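Reading through the structure tokens given below for one structure.
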Amino acid sequence: MADLEDRQVVDPGIDESIAGLTPDRIERTINRVLTEETGARLQAYLQTCVHCGLCAEACQSYISRDKDPDYAPVAKVKDTLWEMVKRKGKVDGEFLHNAARIAYIDCGACRRCSMYCPFGIDISYMIMTVRRILNLLGVVPQYLQDTTNSHAATMNQMWVQQDDWIDTLMWQEEDARSELAGARIPLDREGAEIMYSVIGPEPKILAQLIANMAIIFKVAGADWTMPSTDGWDNSNMAMYSGDFETMGRVERLHWERASELRVKRVVMGECGHAYRGAVYDGPRWLGWTKPPIPMVHAVEYYYELISSGRIRIARKIEEPVTVQDPCNIVRGRGLHDKLRYVVNAICADFRDMDPRYEHNYCCQAGGGLINCGPPWKRSRMKSNRVKADQIRDTGAHTVITPCHNCHSGIEDIIGFYKLGCHVSFISELLVKTIEMPDA
Amino acid sequence: MYELIRGPLLWIGFIGFFGGLLYRFVTMARLAKRERVVLPTFSARFGLRSLAHWLVPFGGANMRRRPAYTLLSWAFHIGVLVTPLFVMGHAVLWQEAWGFRWWSLPAGLADAMSLVVVGVCLFFIVRRLIRPEVRNVSYPSDFVLALVVMAPFLTGFIAHRQWLPYEPMIIIHGLSGVLGLLVLPWTRLVHMMWFVFTRAFMGSEFGAVRHSRDW
Ligand code: SF4
Ligand code: SF4
């Protein structure tokens, strides 16, 4: 039985929107998505699933909630998409309320279950199809919808205005220079080798990460630039709210900006969902098989710099650390070995989580979950007790999280379960450990 | 009656089975033309790599976590696929129909394999009833399908052992076999065909596109 407390959460984005729907609109929207926006892939999944429940133990929410059958991946599809198909779109408001909670809050679209289903059925894809339907009905958690609105209106996730953006970069350049003489944040330098892009929340709440990167680029002697105008934000919450039109606009602008700057590649900050949006979901929606310019995740870039000797590590972090494998760059890009190479290079006492690599549990914050905001925080925490256990078992003082969603999600978990450790991006450790040129 | 079953009815079964699968395949292929993600992603190498891991027992993490289930399910599927093709009684039918000799299983082994199929079907049914995560997603049709699969194996075994009068038993056996062939393409049993594609697609997604492993 789905959690009572969760079922009573009031979210105007869900409840008020449902109140304004007519049965006819619900039916038409569902059937439109089922016939026009989906095809063979969905049909094959619907026909193939043998209701065996083998996917259950893949999901952190199922495990964390004492194996409550309602949180098994297949149950999440049964209670949403299967019913919509079976009832030919004739579902009511109460059903949609439940479906919205399941699709937006209970599933992080992490695809772990696809590695546990014998047929490789993509539950996450089906949940995203449910989100697509709900989005077309206007039924989206309020906080998540706000970030999508921000993307649509400002082309970044956090309502950052143009002057704020440039101002922040200049301020971060100054900060970087106070650490390392000559550090710069070059804007709009056409023909540079690298365009560096970040997610909207960086200038808004974690600006020092940009200064960190300026220092790392300076030490590495990189030829890089950042765009001064829209397209600088590589994040994409529209991808998770189901507003694929806005998702496509955001991704297109990001790649257009990179093309205008004629860069050879785009290096991006430590974020997982942004990688997914820029490399997979965005290009596919736009009809491309891959991004027009190679996208390099920060972990890959750090690996390149350290393994080639372009940056050297002067001292190592002594306290015990562990690492959270972000779904979107590990299960989604196979960066786990490079990640460990980097972590071992800068930390003396690295302790792995179990399970790890592709089998690591999702942070229950990605997939748009944490962007659903405070009303749903307790639910996220209850759905990831297993992550708290995993971290506690390592005995680490620091959890390294090369992904913004993992970072915030694990910080929440550490607080909620009183684990007494803290989270860190790799760049924060790198600037403490690399050999500065004049040192 | 028996002649009717091993003659026309069996043909109806085969035609319905292959015709049904073909129909499903063609309609799916038509639908797949619109698919913008699956086809460009497909990679033979990574698709086969994933299939290999999932066809070999204990090739995937989830299979290693539940050894009993893995062995039972694997033996079951081998039994379902191999026994009907190679059991002695059927080999005789093939020979009469097409005039060629067919390899056949020793009678004892075929009996054992039938029993495995029957036993594992019962296991599936019981598991469906007692494991909450499975019961929660079980429909009446899931139980009926397990019985449909079980029936020809149970009746074939009983007929062979002549525990019950042979003639009626073999008739029921034939009927249930034909029924199984006819319903397969239209039910979840069609995973027999689709699993190759769903698994290969996930293998391609993980392997070719995302540089990771899906087992
Ligand atoms: S959260 Fe991950 S494991 Fe759980 S149902 Fe969603 S995709 Fe599957
Ligand atoms: S999704 Fe796969 S593992 Fe889960 S119930 Fe369906 S067939 Fe079984």
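Below, each value reflects all heavy atoms present in this structure, side chains not excepted, and no hydrogens, waters or symmetry copies. Chain identifiers are assigned alphabetically (A, B, ...) following the order of the sequence lines, protein sequences preceding nucleic acid strands; residue numbering begins at 1 within each chain. Please read these numbers as outputs of a predicted model, since none were measured by experiment.
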Report which part of [X] has an atom under 4.5 Å of a heavy atom belonging to chain B: side chain, backbone, both, or neither.
{"X": "A/V330", "result": "backbone"}
{"X": "A/A75", "result": "both"}
{"X": "A/E358", "result": "side chain"}
{"X": "A/R111", "result": "both"}
{"X": "A/D70", "result": "both"}
{"X": "A/S114", "result": "both"}
{"X": "A/W285", "result": "both"}
{"X": "A/Y62", "result": "side chain"}

Checklist entry - Taking the side chain as C-beta and beyond, is there a heavy-atom pair between A/H51 and B/R188 under 4.5 Å? => result yes
Toward chain A, the part of [X] with a non-hydrogen atom under 4.5 Å:
{"X": "B/R24", "value": "side chain"}
{"X": "B/D142", "value": "side chain"}
{"X": "B/Y69", "value": "side chain"}
{"X": "B/R30", "value": "neither"}

Checklist entry - Are the charged groups of A/E57 and B/R131 less than 4.0 angstrom apart, N to O? => result yes
Item to check | A/Q43 and B/T27: CA distance, side-chain angles, deciding distance, side-chain contact (heavy atoms from CB on, under 4.5 Å) verdict | outcome: CA-CA 11 Å; A/Q43 285 307 319; B/T27 45; over 6 Å; no
Next on the checklist: Heavy atom to heavy atom, less than 4.5 Å: which residues from residues 199-215 of chain B reach chain A?
Outcome noted: B/R199, B/F201, B/M202, B/E205, B/F206, B/V209, B/R210, B/H211, B/S212, B/R213, B/D214, B/W215
